[in-house]
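Sequence positions, counted from 1, serve as the residue numbers for this chain.
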Amino acid sequence: MTKRMHVALAASLATSLVLGLGACSTGNDSGGETSDDGRGPGATGVIGGTPKKGGTLTVLSNQDFSHLDPARNWVMPNMDFGVRLLYRTLTTFKAAPGAEGSEIVPDLATDLGRPSEGGKVWTFTLKKGLKYEDGSPVKAQDIKYNVERSFSPDLTGGPDYAQQYLADTEGYQGPLKGKHLKSIEVPDDHTLVFHLKRPVAEFSYTVTLPTFSPVPESREKGVQYDLRPFSSGPYKIARYDRGKQMVLVRNKHWDPDTDSVRKAYPDKIVVKMGFKGGQIDDRIIASQGADASAVEWADMQPASVSKVLSNKETKKRLTAELTGCTDMLHLNTSRAPFDDPKVREAMQYAVDKDGQMTANGGPALNEVATAYLPPSLTGGNKSDVLRVEPGGDPAKAKKLLAEAGKPKGFKTTLTVSTGDKSRAEALQESLSRSGIEVKIQAVDPSVYYDTIGDTKNAPDMAISGWCPDYPSGSTFLPFIFDGRTIKEKGNQGNYAQFRDEEVMKRMDEIADMSDPTKANKAWIELDAQIMAKSPSVPLLWERKPLLAGSNIAGAFGHPMWTGQFDYAVIGLKNPDKSQG
C-alpha cells in the first residue's frame, strides 16, 4: 500500500459518512448556536456557544460505566468519556459536529502513522512532553503494554482489533505472566512499530480506539484497574463510588500544547448515577441550581419528547444526532428454534418495526432499519433486499413457521436492559400475532452486555445495536457475524452466535482487497447475503436525543460516538453559576 492509497481510503470513507449524514440530517452543521428553526430532532450544531473556563459540569446518568479500563472500554458512549477525559490514543477524531467530526488527527502521535511493506507495517512516533497524572513521562512501551493487556482473558469487553490485525499472536494470553508480543517493536521511548498479518489500509483509524492508549506496567492491577485508570488525559479520577458517583478533577500534568482536540473547560466533572425513568429529563428541563450546569448521559425518554418539542426554550437545548448504528434483534442461532433458518426468516416478517419506532420515541427520533449496514456505510442508500412492510407480515410469518414445522408458533425468551422494557413489550405484542410467546427478562444496563455476552447462558433473543468504530464496513459485519469472534465469556457483537462458513470465507476475501471502493461494494453485497440467512432482525436506525441545562455551552452530539455529547469541548456559559 502506498501513502496515496491511504489518503484515497480516508477520502472515500469520509465521503461515505458525509453522504450518510446528509441523507438524514436536517440541521445546521456549521457550528455556533442554531436558530429555533434549525434545532429539534435531527438538528446538529453546537448548543450554547463557546464555553468559559472553570466551574463544575454535572452529568446525570441512569447507570454506571460498564468499563473504563482502556483495554475493556468498547461501548460507544463510554469510549467517548474515556478517550476524551482520562486517556489519549495515538490518533483521535476531531471535536466537531457533523461530517468534520469523522476526520482523524494525531493525538499522542506526531502524525497519522507511516505505512511500509505494502501496509503490513505501521510506525508511529510519540510527541515530546506527554505526561501522566503524577508527572511521569508517557512512553511507547506503555502503549505496547496496553495493547498486550487487551489479549488477557480476564480483561474482557474491549476492542479486539489487535487480535485480528497483529501478526504472530496465536495463543497469546496477555502480559500478566511476563510474555510480550514480538509484533510490536519499541526501538526507543518514542517509537512504536506494528507488524500486521495483512495490509490494513485504515490502521490510522484503528489506533483511535482505547486499546491504543498507554498503561504503565507498574500500574497494572488486573480487573481492578477498571476502578481507577491512570490518567494521561486532561482529568483524573478523584472519587469513584460505583453505581453512585464519579468525580473528576484536573490532571495538572496534561499539557494543552500537546493536544489539539481536548479543551478541558470545566475545573471539575461530577457524574451522578442511578436515576430512574424520566427523572433526568425533568431535572434538566427545569434546569434549576446545579441542574442548569448538567447534561444527561442516557437518552431522553420517549415520554419526554412532547414536553421538550412543545417548549421553545427547552427545544434549543436538545441535540439529536444520528447514532450511525443499527439496532437489531439478535436470534441465538446456537440452539433451537433459531438454529433453523426458516424460523429465523419468519422472524423478519413477524416483527412490527413501526411498533418499535413508536416505543422508542416515534419517527422524529428513529427510522425503520431495512439492513444491517447503516446508511453511513452504504453511501447514504438504505438497502432493503427482503422488502418487508414496516409493520411486519404476520400471515407470511405463520406460513414460514408452518413450513418449519411450527404451525402453532413457539415459546422463547428475550433479554433487554431495563431502559428498553417498553420496546420489549412492544416486541412481545407484535410477535404474539404470529403465535410466538415471549418471556421478557430485564437487567440493569451496567451488566447487560456481560449478561448477553455469556454464551453458555445467553438468552434466546437480545436487543443490541452495533456502531462502526470508524467509517468502514470492516468495522461492522465481521464483528457481529463472523463466527470466529464468538467467545464463551465476554462475547460481544456476535450475540446471534452466527457461524457460517460461506460468510466467513467471503469476509476473508473482502479483507484482502486493497481497493477500498471495491471492498465497500463487497461489504454491501455481503450484507444482503447475510440478511437472507437472518441471524438477526434489523430494527431501527436511531438518533440520540440528549438534553443540556441552560448554563451548558459547547455541547453537540459527536457523529463517531453515536451522537453522545463530545466531552472534549463541553463546558459552561457562566462557571460562577455552577455548583459542586
Enquirer: Is the shortest side-chain N to carboxylate O distance from Arg543 to Glu321 below 4.0 Å?
Expert: no
Enquirer: For the aromatic rings, using the six-membered ring if either is Trp, is the centroid distance between Phe194 and Phe212 under 6.0 Å?
Expert: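 They qualify: ring centres under 6.0 Å apart.
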Enquirer: Would you say Asp469 and Trp74 make side-chain contact, with heavy atoms under 4.5 Å?
Expert: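 Sidechains of Trp74 and Asp469: in contact.
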Enquirer: For Gln497 and Thr455, test the side chains for any donor-to-acceptor distance below 3.5 angstrom and give the result as yes or no.
Expert: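 Note: Gln497 and Thr455 side chains miss the donor-acceptor criterion.
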Enquirer: If you measure from the Lys or Arg side-chain nitrogens to the Asp or Glu carboxylate oxygens, is any gap between Glu148 and Lys179 under 4.0 Å?
Expert: no
Enquirer: Under 3.5 Å, is there a donor-acceptor pair between the side chain of Asn332 and the main chain of Pro459?
Expert: yes
Enquirer: Taking all atoms of both residues into account, what is the closest heavy-atom pair of Val443 and Thr451, and its distance?
Expert: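 Nearest pair, atom of Val443 first, then Thr451: CG2-OG1, 4.3 Å.
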Enquirer: Rounded to the nearest 0.5 Å, what separates atom CE in Met531 from atom CG in Leu526?
Expert: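 With rounding to 0.5 Å, CE (Met531) is 12.5 Å from CG (Leu526).
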Enquirer: Distance only, no hydrogens: is a donor on one side chain within 3.5 Å (strictly under) of an acceptor on the other, for Tyr205 and Thr91?
Expert: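 Short answer, no.
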Enquirer: Provide the closest heavy-atom pair for Gln348 versus Ser536 in the form atom of the first, atom of the second, distance.
Expert: NE2-O, 3.2 Å
Enquirer: Determine, for Arg484 against Asp482, whether the closest basic-nitrogen to carboxylate-oxygen distance falls under 4.0 angstrom.
Expert: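 Yes.
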Enquirer: Consider only side-chain N and O atoms of Ser304 and Asp281, and report whether a donor and an acceptor are under 3.5 Å apart.
Expert: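 There is such a pair between these side chains.
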Enquirer: Hey, what's the ring geometry for Phe410 with Phe338, parallel, tilted or perpendicular (30° and 60° as the breaks)?
Expert: perpendicular
Enquirer: Aromatic rings Tyr449 and Tyr495: how do their planes relate, parallel, tilted or perpendicular, breaks at 30° and 60°?
Expert: tilted
Enquirer: Do you see a donor-acceptor pair shorter than 3.5 Å between the side chains of Gln441 and Thr415?
Expert: yes
Enquirer: Specify the closest pair of heavy atoms between Tyr349 and Leu386, including all atoms of both residues, with the distance to one decimal.
Expert: OH-O, 4.1 Å
Enquirer: Is it true that Arg149 and Glu220 have a side-chain N and a carboxylate O under 4.0 angstrom from each other?
Expert: yes
Enquirer: With under 30° as parallel and over 60° as perpendicular, where do the rings of Tyr145 and His180 fit, or are they tilted in between?
Expert: tilted
Enquirer: Can you tell me if Thr92 and Arg84 form a side-chain donor-acceptor pair at under 3.5 Å?
Expert: yes
Enquirer: List the atom of Asp160, the atom of Lys487, and the distance in Å for their closest heavy-atom pair.
Expert: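 For Asp160 versus Lys487, the nearest heavy atoms are OD2-NZ, 4.2 Å.
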Enquirer: Could you check whether the rings of Trp297 and Tyr567 sit parallel, tilted or perpendicular, using 30° and 60° as the cut-offs?
Expert: tilted
Enquirer: Short question: side chain of Lys221, backbone of Arg228 - any donor-acceptor pair under 3.5 Å?
Expert: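 Judged by distance alone, no pair lies under 3.5 Å.
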Enquirer: Check this for me: does any side-chain nitrogen of one of Glu403 and Lys399 sit under 4.0 Å from a carboxylate oxygen of the other?
Expert: yes
Enquirer: Counting only N and O atoms by type, is there a donor-acceptor contact under 3.5 Å from the side chain of Thr413 to the main-chain atoms of Asp460?
Expert: yes
Enquirer: Of the options Trp541, Phe498, Phe481, which is the one that meets Tyr372 in a ring pair (Phe, Tyr, Trp, His ring centres under 6.0 Å)?
Expert: Phe481
Enquirer: Between Lys505 and Glu501, does any NZ, NE, NH1 or NH2 come within less than 4.0 Å of an OD or OE carboxylate oxygen?
Expert: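 Not counted as a salt bridge, because no side-chain N and carboxylate O are separated by less than 4.0 Å.
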Enquirer: Is a side-chain donor or acceptor of Asn520 paired with a backbone partner of Trp523 at a separation under 3.5 angstrom?
Expert: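 Checking the backbone N and O of Trp523 against the side chain of Asn520, no donor-acceptor pair under 3.5 Å is found.
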Enquirer: Do His67 and Asn73 have a side chain donor and acceptor closer than 3.5 Å?
Expert: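 No - no donor-acceptor pair under 3.5 Å links their side chains.
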Enquirer: Is it true that Lys544 and Asp299 have a side-chain N and a carboxylate O under 4.0 angstrom from each other?
Expert: yes
Enquirer: Apply the test salt bridge (charged side-chain N to carboxylate O under 4.0 Å, His left out) to residues Asp64 and Arg242: give CA-CA distance (whole Å), side-chain angles for both, the deciding distance (0.1 Å), then the verdict.
Expert: CA-CA 7 Å; Asp64 198 350; Arg242 289 217 59 144; 2.8 Å; yes
Enquirer: Does the pair Glu502/Lys533 count as a salt bridge with the N-to-O cut at 4.0 Å?
Expert: yes
Enquirer: Short question: side chain of Ser152, backbone of Asp154 - any donor-acceptor pair under 3.5 Å?
Expert: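 No; zero donor-acceptor contacts below 3.5 Å.
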